[in-house]
Every structure is written in structure tokens, then in C-alpha cells.
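From a predicted model like this one, the values you see are computed outputs, not experimental measurements. Throughout, residue positions are numbered sequentially from 1 according to the sequence presented.
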Amino acid sequence: MEQHGCLDHQHTQGEGIAAMDFRPLVNAVFFFALYPFKLVFGTIKGILNTILLFVARLLRLDKLVSKMSGWLIRRSDHFVARSRNPLLRGDLLAYAEQEYPRDTYPTAWEDIPDDVRHELVWDGRLLNGRRVAELAKAKITDEVVGNALMRSGVHALALTFLLTSIPLYITAMDSGRGLAGIFGGHTPFPSWAWDNGAILPVAAWGLLTVIERIANVFNIAIVSGLGLIAFTLFWLFAFAHAMTNAWDTASASYRVATRDSEVFWKSNILGRKNQYLAYKREVENACHRLKDQPIIPVGEATGLIRGRGDMEAPDRGTIVCYDGESIRQHTLILGGTGSGKTRLVIKPLFKRIMEAKWGEGHKIGAYSARAWPLRSFRGQVATAWMSSTSILLPRAV
């Protein structure tokens, strides 16, 4: 028994050690180990960007790249016009039809009044289940893309100019004659043959000089071709990096994970479905069936129910109203004797109902009655008192 207890104790300790999470420690070690390299990389990147901007401004490359960027944008518009992706070809209506079909999400296609409109986010996500970061796509405008394309092109062209000028500089310095050495020959003129009348060495020198200069032209062409290819690749990667930064900046606040988006969205599938069905009926009434009915304000919401966690309840200060159909149904007003049910609720509400615009050809009438307190109920004093009531009788004239 004693040995068995020791084994159980050791097993429990082993489970505790295995359950320990060493990830924070590992992350801290990696952070302190790589942080100096990150600083060095950031410093080198900053210096290189400064050099590239200086070269670009010195050579006025921004104007050239601006024209090239405009041409690329125009050509890309023609190219993506045949794309199957409606967002790429700029067809926002088709993209909306794809993301929010009219049969499934009819409320997305209605001009809903402000007091009825539900916010775009349902349980931490968009109505169709997309992440909230999708809203950041509206910030990626043509101006943002054009600026990213031009800045990345300036950097790429300046970097290409620096890289392709290095071989030419080395060639010029190696010959000792500057730029003339790039296009000149390297074989010295045979003056001894010229002085002695030997024609063959002089002719060979002339042929060799022509070959060398043709080779130099080919070398320059190869360097220029490689520079053009490098410029294209540099521009592509720089543009991708610039667009990534633009997207990260635009969507940073939208990409924060919340409890609703990660947990409640999955656990409230049935409840959200019923809530949306109710919301569709409300939108249908507000936009179509009860569109011409008057709105009867009751008062301002206190926000107490919403503060207790019911996100469907109105915010504090929201005007709570009756519509022209709901006012014809029963209304229960609770309150103690002398608390002001008649003075604060019934009379003001009655006045608003009578003064509401019910449409041409319609008038509103009322039959008002007062019920006195009940004194007995099966021989006992009643505990309930009936307040003043009004019965509405809408009629057409």
C-alpha cells in the first residue's frame, strides 16, 4: 500500500510537470535572442530606403514610375474585366448578390429606417458568417492601390539602377579610362608593327577591337536585360509588401478576436436564426406592410435590459414607439396607486394617438371608460386595482 501510494504521488507529479506550459518561456528566449537581429535588420532597411528615395528624387524617377503606374492600372482594368471574381472586375452589385443572396438575406437589400436597422455585426461576425475584417475592403480604394504601386515602383527602379550601375562602374574602373573603357577595346595598339610596316598585326588588332566592342555592347545589353527582369521582380514583391501593409493598417482594428466571434457565433446558431426571422418580419412591416402607418412615440429606453446582456434590447436614450398596428392591440401598464400611470403614460399617449397622421381618408376615434376599484372578491378585499383604460376605434371616413 505504501509503495502504491508513492507511485501514485510520483505519477501525479509527472502529470503536473507535463501539464506545465513552457511556451511563454520559449517565446521570451526567442525574443531576446532575435531582438538584436531585428534591430540590425530594421536599421539596414531604413538606411536602404533612405538611399533609394534619395536616388529616386535625384533622377526624378517618380514621374517615370507615375506614368508607368497609370498605364499598368489601365491595362489591369481591361485584363480583370473578364475575371470570374466580381470584386476583381469592380462589379460590386454582383459581389453583393454573391455574398448576400436576396432570397436568404432580404434585409441587406432594403432601405431600412434608422430606428429599425440592425447593426452589420451579428454575434461578432457579419450576417453571412464572414469575419468583420471584410469591412476593411471598403478602405482599399483605387487611390490606396495607386499610391502603393507608385511608391513600390520608385523603390524598385532606384534599387535596379543601383544594382545595374555597379558592374558598369567596376568595368570602367578596371580599365582605368573611366566610361570610355566600357565602350573601348582592351587590346593595346601594335605601334611597333605600324612603324615597321607590318600590316597583318594591325589588321588583327582592328578586328579584335571590333569584336571587343561588340562584346561590350552585348554585356551592356545583358546587364540591362537582367536589370529589366530584376526591376519587374522587385516591383512585384515591393507592391505585394506595400499592399500587405495597407491591408494590415486598414483591418487592424477589425481583426481583433472577440468572445462573440470565436465562441458565441458557434453556440447561438438556432437563436440567431430565430432572431433574424423576427428581424425580417420587422423590416417587412417597416418597409412595406406598415410603411404608411403612423409612429407613436412612447418614451426613451433606459438601457437597463441591454446592460444586463440582452443585445437585442434598445440602447439608452433610444426612442421606443408603437406602430399603427401594434397600438390597436392590448397595452398593460403596471404601477402602484398614485405612481402616475394616468398622468405620465395614458394621457400623453392618448394625445399622441389622436394627433397622429393616419393617412388621407382615415380618422381615429376613441371610447374611454373608467373602471373603479373592486371592493370584494369572494368575500375578501381585492388586492388589484384597475387603472383608466382607453379603447381605440380606428375607422375610415
Side-chain angles (χ1 to χ4, degrees), residues 27 30-31 34-35 37-39 41-50 52-53 56 61-62 65-100 105 108 119-160 230-266:
N27 292 335
F30 272 100
F31 174 78
L34 299 178
Y35 187 70
F37 296 98
K38 183 179 179 181
L39 288 178
F41 176 76
T43 304
I44 295 176
K45 182 179 178 181
I47 295 174
L48 181 60
N49 287 335
T50 303
L52 294 180
L53 288 176
L61 300 179
D62 51 345
V65 174
S66 178
K67 294 181 180 179
M68 295 175 64
S69 301
W71 182 83
L72 284 175
I73 291 176
R74 290 192 297 271
R75 295 299 299 175
S76 64
D77 289 340
H78 293 294
F79 177 75
V80 300
R82 297 183 294 271
S83 174
R84 294 183 178 181
N85 189 338
L87 195 60
L88 284 180
R89 64 175 184 266
D91 193 348
L92 299 182
L93 182 60
Y95 179 73
E97 292 274 8
Q98 176 181 307
E99 293 294 319
Y100 297 93
Y105 307 106
E119 58 187 8
L120 294 174
V121 179
W122 290 66
D123 297 340
R125 297 192 188 183
L126 299 181
L127 186 58
N128 60 349
R130 298 283 190 181
R131 298 285 181 174
V132 182
E134 291 288 314
L135 298 176
K137 289 181 178 179
K139 298 182 179 181
I140 308 299
T141 60
D142 294 340
E143 183 179 0
V144 173
V145 176
N147 290 335
L149 188 62
M150 190 176 70
R151 289 197 307 269
S152 59
V154 169
H155 281 74
L157 189 57
L159 180 60
T160 304
F231 168 65
T232 306
L233 294 177
F234 290 159
W235 198 355
L236 177 63
F237 285 110
F239 176 66
H241 182 68
M243 288 304 301
T244 301
N245 290 337
W247 171 253
D248 291 341
T249 302
S251 63
S253 58
Y254 297 97
R255 289 184 286 110
V256 178
T258 62
R259 181 181 63 86
D260 287 349
S261 63
E262 303 301 324
V263 178
F264 194 58
W265 171 266
K266 300 176 183 179

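Contact record, A156 with W235: CB-N, 3.4 Å, taken as the closest heavy-atom pair. Here the closest non-hydrogen pair linking G129 and R125 is O-CD, 3.5 Å. Taking both residues in full, the closest heavy atoms of A138 and T141 are given as O-CG2, 3.7 Å, listed atom of the first, atom of the second, then distance. A pairwise comparison of heavy atoms in W265 and L126 identifies CH2-O, 3.5 Å as the closest pair. For the pair S83 and L88, the tightest heavy-atom approach, listed with the atom from each and the gap, is OG-CD1, 3.7 Å. The two residues Y105 and Y100 come nearest to each other via the heavy atoms CD1-CA, 3.6 Å.
Note: L87 CG to Y95 OH = 5.5 Å, rounded to the nearest 0.5 Å. With rounding to the nearest 0.5 angstrom, the CZ atom of F239 is 9.5 Å from the OG1 atom of T244. Separation of atoms CD (Q98) and CG (N85) is listed at 7.0 Å; rounding is to 0.5 Å. Between K266 atom NZ and D260 atom CG the span is 13.0 Å, to the nearest 0.5 Å.
Using a 4.5 Å heavy-atom threshold, the side chains of V121 and L127 count as separate. You'll find the side chain of I140 reaches within 4.5 Å of the side chain of M243, heavy atoms only.
A side-chain donor-acceptor contact under 3.5 Å links S251 to the backbone of W247. Here the side chain of R255 pairs no donor or acceptor atom with the backbone of A133 at under 3.5 angstrom.
With sequence neighbours left out, the ring-ring contact (aromatic ring centres under 6.0 Å, His included) criterion links Y254 to no other residue.
The salt bridge (Lys or Arg N to Asp or Glu O under 4.0 Å) test with E134 singles out one residue from K137, R130, R131, and that residue is K137.
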